[in-house]
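Have a look at the structure below, then the notes.
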There are 2 protein chains.
Amino acid sequence: MRATGPGARGVVSLRDVADRAGVSIKTVSNVVHGYVHVSSATRTRVQAVLDEMNYRPNLAARTLRSARTGLIALAVPELDLPYFAELARHVVREAERHGWTVLIDQTDGQLERERQVMNGIRAHLIDGVIFSPLAAGPAELTDREDHTPLVLLGERVYDGPFDHVAIDNIAAARIAVDHLLSLGRRRVGAIGEQNRPSSGTARLRSQGYAQALTGAGLPVDPARIVPTDSYHRADGAAAMAQLLDRDPDVDAVFCFNDLLALGAMRLLHERGRAVPGDVAVVGFDDIEEGRYSTPTLTTVRPDKERIARLAVDLLAARLDGSDTQGPRELTAPFELAVRESTTGVSAAPPTPSPAVRTGASPRRPGPAGRGSPTSRT
Amino acid sequence: MRATGPGARGVVSLRDVADRAGVSIKTVSNVVHGYVHVSSATRTRVQAVLDEMNYRPNLAARTLRSARTGLIALAVPELDLPYFAELARHVVREAERHGWTVLIDQTDGQLERERQVMNGIRAHLIDGVIFSPLAAGPAELTDREDHTPLVLLGERVYDGPFDHVAIDNIAAARIAVDHLLSLGRRRVGAIGEQNRPSSGTARLRSQGYAQALTGAGLPVDPARIVPTDSYHRADGAAAMAQLLDRDPDVDAVFCFNDLLALGAMRLLHERGRAVPGDVAVVGFDDIEEGRYSTPTLTTVRPDKERIARLAVDLLAARLDGSDTQGPRELTAPFELAVRESTTGVSAAPPTPSPAVRTGASPRRPGPAGRGSPTSRT
DNA sequence: TCGCGCATGTACAACGTTGTAAAGGTGAAG
DNA sequence: CTTCACCTTTACAACGTTGTACATGCGCGA
């Protein structure tokens, strides 16, 4: 038996509305959904009751029937790494276009948490996952037991059965280092190598760095490649200190992300080295902070909005079944944003504009272009 | 009629497991929940099947019965404002202790979106909301039609019927400005005043600024108070330019958040003004960036972790019914972190440590202290 | 005038889970 | 040997929604 009227917590169900309006539950449901075959008299009356009682559909019940929640998860290492915060913003915005809400998971780069993300902690509660792995490598990914559609960001995992969106990290790193070489720098260090075997992104950036040096006929000196535990400012500062100790005459440094670069610049400042006078610095990610630092930071600018859009659209295609092909490998474009930390020229506009940019066109501009992403199965 | 075996998408239900194990659905459910009165033989057998079939409970169904989802929403203006990213991190972490997942809503400070957050877009899908309003004022809040427990952050809305967690903004602002005055500065500007009537936080910080000046026997010159549209670096730079135009001899500036301060410092640099030599700068929020900027930034450091904990615990108390009292008004502590942008003394440790801090004890240390928050009904 | 078709509205079942109540089975106590 | 108690397991209903199938009633054409 059910008491008349809405339940204890003031929650109104279709049934409550139906009772009050003197129609069946299904009719109310039909009105809510704008089903055509409802007389306008009935519609008006029911709608009035709906408004009056402030009816809100119960998404849990709806989900139970439809097996669709309208939630997708975005799993990133840390929200307060600006790169991920900015990325999250774009993902949230793109998801909105599909009527989705984004649930954000912070893995802290811990393998166990990443494993949970992949194997569906919140099974049935989320329709899909966009995942930026840090600790998880090919092995863990392949062992995945969950069936929720998954899109990987940032790191390519061999030929795993996963959709994947990234930029061409090797090319980006090479272009960044080429830029340093074009300025006449010859003792170029690198900060951000990762010792953990799983980190594909770091390895790719290392490769690009080495390719650029080799391409210019310069040796790749392992002493100038400083690994870090993580990608925070403090790591960049510590690594820069180490680099200076190893080679006091280093004249440029390529950092694998902007935070490392900002930490490195801070340390250079404390050690009395001028940037770029003594040491030129390039970062990676183009976080907003680098446009306001002193000096402003030259950096690789991945198209975050595009990355977010590609990832969300790919998920959408998997969800509505419009894409049943094998795993996709999509590439987003990037640019090199040249600023004071390499050129020393302060553009110094009346108000600091978001930096001078030298567009370096993406390595594969065609296929990665708008609307027709590359697919490699 | 139901086909035997798991459904089309490989989703395994209790029923599938029960069929395979030759027991009733409820027995499987009992095993899943570790119910005591299950023979160990049955338990072992069922558990084996559970593992084998990789059963995952359907949270939607569970929610439908229990009316609890284990999801809470955190609604903030922008995720890539570092303050909110850092806060989000803490909230996620605290929520974890309660077994909750955090769903993040980005309102962009738009009234319409804030209204949706309050009135339960995702009704029944979230158990509670932690909300940092920007556009919504007392009027909108009071009109709220949803019954989901809500905790407000950062801004006090009159005597509205809402739980609320904040720091003492007036005191914090006053201490920041007192610090500038104690350094001998006498022409102190303020950046970040908000023209929209709803912004309580900005008004409180303005008040603290005025109180400090008045307390030192100085006049409050409206020309030195520059409003901004929002709280980004660009706003800070633009406002600083305006402030210099109005009073070229300004010797200090109190910014209502760190991003404004960083933008202001950038502009001062471009105009050739030394910080703190010519102009001392104080920010608000203590985002990590300010510990690595050049110069490092003196700022008010609200205890974000505490804020997050108080908010989450308060929500928990409302949810489990252990707190049915009237609305709570909780206060978190803060400190003034004194760094180079006011003192000019570079501590210059081997690696930049997270700043020299001068603890300014919270104005109401007792009641705001650990575990026994103030309550004002 | 009768019957057909369409517009409108309804009953029912099912999604997967869990609380309740009760049934079946076993052993011990009388 | 009977009975009772308890341990174990099960059937059932309900959470709120929506797709399917069907009932009702009206107007229109034959």
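For clarity, every value in this text was computed on a predicted model and none was experimentally measured. Within every chain, numbering begins at 1; the chains are lettered A, B, ... in the order of the sequence lines, protein sequences first and strands thereafter.
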Any B/Arg62 side-chain nitrogen or oxygen under 4.0 Å from OP1 or OP2 of C/dT18: yes
Below 4.0 Å: OP1/OP2 of D/dT10 and any side-chain N or O of B/Tyr35: no
Spacing of CZ belonging to A/Arg15 relative to OG belonging to A/Ser24, to within rounding of 0.5 Å: 11.5 Å
CD1 on A/Ile126 to OG1 on A/Thr69, rounded to 0.5 Å: 7.5 Å
Interatomic distance, A/Leu125 CG vs C/dT17 P [rounded to whole Å]: 12 Å
Length of the line joining A/Leu64:CG and D/dG19:P, which is rounded to integer Å: 13 Å
Distance, rounded to the nearest Å, where B/Arg15 contributes CZ and D/dC12 contributes P: 13 Å
OP1 or OP2 of C/dT8 under 4.0 Å from side-chain N/O of A/Ser39: no
Spacing between B/Leu59 atom CG and D/dC15 atom C1', to the nearest angstrom: 15 Å
Verdict with supporting geometry, B/Glu96 and B/Arg93, salt bridge (charged side-chain N to carboxylate O under 4.0 Å, His left out): CA-CA 5 Å; B/Glu96 222 161 64; B/Arg93 191 149 291 162; 5.4 Å; no
Pairwise distance CZ(B/Arg68) to CZ(B/Arg62) - rounded to 0.5 angstrom: 14.5 Å
Residue that, paired with A/Asp313, satisfies salt bridge (charged side-chain N to carboxylate O under 4.0 Å, His left out) out of A/Arg97, A/Arg306, A/Arg328: A/Arg97
Between C/dG19 (C1') and B/Arg68 (CZ): distance, integer Å: 17 Å
Under 4.0 angstrom between B/His33 side-chain N/O and C/dT18 OP1 or OP2: yes
Gap between atoms CD1 and P, on A/Ile25 and C/dA11 respectively (whole Å): 9 Å
Length of the CG-C1' vector between A/Asn30 and D/dT17, whole Å: 12 Å
Short side-chain N/O contact from A/Ser24 to OP1 or OP2 of C/dG9, under 4.0 Å: no
Nucleotide C/dT17, atom C1' - distance to CG of B/Leu14 in whole Å: 6 Å
Options C/dT10, D/dT10, C/dG16, nucleotide nearest the side-chain atoms of B/Lys26: D/dT10
Side-chain N,O (B/Ser29) to OP1/OP2 (C/dT17) below 4.0 Å: no
side-chain N/O A/Thr42 vs C/dG9 OP1/OP2, d < 4.0 Å: yes
Selection from C/dT17, C/dT10, C/dC15 that lies nearest to any side-chain heavy atom of B/Tyr55: C/dT17
Under 3.5 Å donor-acceptor pair, A/Arg65 side-chain atoms to D/dT18 base atoms: yes
Residue whose nearest DNA chain D nucleotide is more 5′ - B/Ser40 or A/Ala60: B/Ser40
